[in-house]
Q: 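Sending over a structure as structure tokens; questions will come in a sec.
Quick note: numbers below take in every heavy atom, side chains included, and nothing from hydrogens, waters or symmetry partners. Within every chain, numbering begins at 1; the chains are lettered A, B, ... in the order of the sequence lines, protein sequences first and strands thereafter.
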2 protein chains.
Amino acid sequence: MLARVSSTPTFKRLPRAVREQQMLDAAVKVFSRRGFHASSMDEIADDAGISKPMVYAYLGTKEELFVACLHREGTRMMEAIAGAAAPDLPADERLWRGLRAFFGFVGAHRDGWAVLYRQARGEQPFAAELATMRGRLVEVVAGMLDHALRAKGREVGATDLEVVAYALVGATESLADWLADHPEADPEKTATRMMNVAWLGADQLLRGITWHPPAG
Amino acid sequence: MLARVSSTPTFKRLPRAVREQQMLDAAVKVFSRRGFHASSMDEIADDAGISKPMVYAYLGTKEELFVACLHREGTRMMEAIAGAAAPDLPADERLWRGLRAFFGFVGAHRDGWAVLYRQARGEQPFAAELATMRGRLVEVVAGMLDHALRAKGREVGATDLEVVAYALVGATESLADWLADHPEADPEKTATRMMNVAWLGADQLLRGITWHPPAG
DNA sequence: GCGTAACCCTACGCACGAGTAGGTATGCTC
DNA sequence: GAGCATACCTACTCGTGCGTAGGGTTACGC
């Protein structure tokens, strides 16, 4: 009821843009650890060093806040990857640069990655949005493979291509998750390992070498 | 206060074992769609055609109920895989049978898979349990690769092996997720596609062919 | 130097959902 | 057929946490 005695305001007045980023930082941190539902707006506000109504004033409801986190981390990630993998390089070089950028991002933004990968997948309102982003990634990888294939005069069904791309993206995400849990691991080295699995396998496929189930 | 008039009891009295399975079925279904926190015990009880106190009496708290779901679906899956992949077969044959069993399971228990893969990962109390199960799978795959390698007189660092296994498991899970979202897709065919990516890649690695980052 | 807008707070209302109290009916055993 | 365990219910309590009402203080334009 009675506000703080007007002596020393222990808080600083900061411009909106700055506060918003602080709030998003806190939100990403809390969401990544607790998950969407188990996170409380109070804790997020607290962690951001601000009171709850400010969060509502700037970022809206809890759901909108989560979406804002998703957007920030997602576009950051996409930009990191897109900026690294120029489209006019050979496929293996593109893949390598893309992977390196990706693992670099995850290594540097483990919380952001956790929100995207571990939390958003299960919660219905966000899963669709996430799937779209992931779909774009899969498309890029599939396009890359398709491009490389055509250069060799070969062609593969669209579904086959999509599924292979899906598997590669999944393997990469899985390793990213491993990386997020192993702070001592080197992102660069992890990218190299991924390249070993992905490229050596993809290379075989590009040469038209395929595996078939045994008879019976 | 006043209970139902004792005329026609619309419900059937069933033995505990049966009701428990019905409850678990309902719980898996609801948890897989809504996630742990967004699911209510009322909805689960309702879906099982029973009242809430019965759920508490048989399966305990919400958390214990979720763990029970995890256990049932997890062991079902593990058994399906273990039963298919006999340990004294050649590596490619084992991998193929394991994959086929796995995708078969996911195709037949999409809800169960969703609980395991999408929901349990983010929620702290369960993530550890899940990681253990997943770890066992990774170990099996790593052991398989190691076995195949030794047969060729080759050897690879333990971390390298683990990471490759991790990538393969991740790729497989990712395809399983794709399968769960594509009811028209054929589990057998998906397994074949996975085999193409996994085995052709792994085969190269087993031959000692590795990829190295370009200079610069 | 005064209005007005931007920043920021404390302290609630209110709904939703986990878990329980307390009681009824049915079948099984002896 | 009396006793007892099991199966099952309706109707609560109570904590937790989202979102807001209502109000105070600093800066900035004019």
Side-chain angles (χ1 to χ4, degrees), chain A residues 1-24 26-27 30-31 33-69 119 123-126, chain B residues 1-24 26-27 30-31 33-69 119 123-126:
Chain A
M1 200 59 87
L2 197 42
R4 158 201 334 278
V5 202
S6 79
S7 51
T8 32
T10 56
F11 53 88
K12 275 182 191 155
R13 282 169 87 88
L14 289 175
R16 176 167 185 153
V18 176
R19 278 285 190 235
E20 276 183 351
Q21 292 308 311
Q22 290 178 347
M23 289 175 190
L24 285 174
V30 174
F31 281 140
R33 280 157 181 58
R34 302 223 192 290
F36 176 71
H37 284 281
S39 301
S40 80
M41 292 298 269
D42 287 280
E43 182 176 358
I44 291 170
D46 212 55
D47 201 278
I50 210 87
S51 75
K52 202 167 44 155
M54 284 311 296
V55 181
Y56 279 89
Y58 284 176
L59 278 327
T61 64
K62 192 181 184 186
E63 230 170 84
E64 289 166 344
L65 174 61
F66 193 87
V67 169
C69 292
Q119 307 302 342
E123 311 290 343
Q124 276 199 309
F126 320 117
Chain B
M1 201 61 86
L2 197 40
R4 158 201 337 275
V5 201
S6 79
S7 50
T8 32
T10 57
F11 53 87
K12 276 182 192 156
R13 281 170 87 87
L14 290 176
R16 176 167 184 154
V18 176
R19 278 285 191 239
E20 275 183 350
Q21 292 309 311
Q22 291 179 347
M23 289 174 189
L24 286 175
V30 175
F31 280 141
R33 281 157 179 60
R34 303 222 192 290
F36 177 73
H37 284 281
S39 302
S40 80
M41 293 298 267
D42 286 279
E43 181 176 359
I44 291 170
D46 212 56
D47 201 277
I50 210 88
S51 76
K52 200 166 46 155
M54 285 311 295
V55 182
Y56 280 90
Y58 284 175
L59 278 326
T61 63
K62 190 181 184 186
E63 229 169 82
E64 289 165 345
L65 175 61
F66 193 87
V67 169
C69 291
Q119 307 304 341
E123 310 290 342
Q124 276 199 307
F126 320 116

Q: Can you give me the closest heavy-atom contact between B/Ala27 and B/Cys69, atom names plus distance?
A: CB-SG, 3.5 Å
Q: Which listed nucleotide (D/dC9, C/dC8, D/dT20) is nearest to the side chain of B/Ser51?
A: D/dC9
Q: Between B/Lys52 and B/Glu43, is there a donor-acceptor pair closer than 3.5 Å when you use the side chain of the first and the backbone of the second?
A: no
Q: Does a side-chain N or O of B/Arg19 approach OP1 or OP2 of D/dC8 to a distance below 4.0 Å, or not?
A: yes
Q: The side chain of A/Pro53 is closest to which nucleotide in this list: D/dA21, D/dA11, C/dA18?
A: D/dA21
Q: Return the value, rounded to whole Å, for the distance between atom CG of A/Leu65 and atom C1' of D/dG17.
A: 15 Å
Q: Between B/Thr61 and B/Tyr56, which heavy-atom pair has the shortest distance, and what is it?
A: CA-CE2, 4.1 Å
Q: Find out whether A/Gln22 and A/Val18 are in side-chain contact, i.e. whether some heavy atom of one side chain is under 4.5 Å from a heavy atom of the other.
A: yes
Q: Quick one: which of C/dT20, D/dG19, C/dC8 gets closest to the side chain of A/Leu14?
A: C/dC8
Q: Counting N and O atoms only, with roles assigned by atom type, does the side chain of A/Lys62 sit under 3.5 Å from a partner on the main chain of A/Ser39, one being a donor and the other an acceptor?
A: yes
Q: To the nearest Å, how far apart are A/Met54 CE and D/dG24 P?
A: 17 Å
Q: From CE of B/Met23 over to C1' of D/dA7, roughly how many Å is that when rounded to an integer?
A: 10 Å
Q: Would a 4.5 Å heavy-atom cut-off, applied to side chains only, mark B/Arg19 and B/Ile50 as touching?
A: yes
Q: Report each atom pair, protein N/O against N/O of nucleotides 27-30 of chain D, whose distance is under 3.5 angstrom.
A:
none

Q: I need the residues from residues 55-64 of chain B with at least one non-hydrogen atom less than 4.0 Å from DNA chain D; give them sorted by number, or say none.
A: B/Tyr58
Q: What is the distance from CZ of B/Arg16 to P of D/dA5, rounded to the nearest Å?
A: 15 Å
Q: In whole Å, what is the span from the NZ atom of B/Lys52 to the C1' atom of D/dA11?
A: 10 Å
Q: Salt bridge between B/Glu123 and A/Arg34, side-chain N to carboxylate O under 4.0 Å?
A: no
Q: Mind checking whether B/Glu63 and B/Phe36 have side chains closer than 4.5 Å, heavy atoms only?
A: yes
Q: B/His37 has an atom NE2; how far is it from atom C1' of C/dC16, in whole Å?
A: 15 Å
Q: Check B/Glu64 against B/Leu59 and note the closest heavy-atom contact, atom names and distance.
A: CB-O, 3.6 Å
Q: Does the side chain of A/Ile44 reach to within under 4.5 Å of the side chain of A/Met23, using non-hydrogen atoms?
A: no
Q: How many whole angstroms separate atom CZ of B/Arg34 from atom C1' of C/dG17?
A: 14 Å
Q: Taking atom C1' of D/dG17 as reference, at what distance in whole Å does atom CG of A/Asp46 sit?
A: 14 Å
Q: State, to 0.1 Å, how close A/Phe31 and A/Gln119 come at their nearest heavy-atom pair, and which atoms those are.
A: O-CG, 3.5 Å
Q: Which value, rounded to the nearest 0.5 Å, describes the distance between A/Gln21 atom CD and A/Tyr58 atom OH?
A: 12.5 Å
Q: With heavy atoms under 4.0 Å as the rule, sort B/Met41 into base, sugar-phosphate or nothing.
A: sugar-phosphate
Q: Using five pairs at each end of the helix from C/dG1-D/dC30 to C/dC30-D/dG1 to define an axis, what is the angle between those two axes, to 10°?
A: 10°
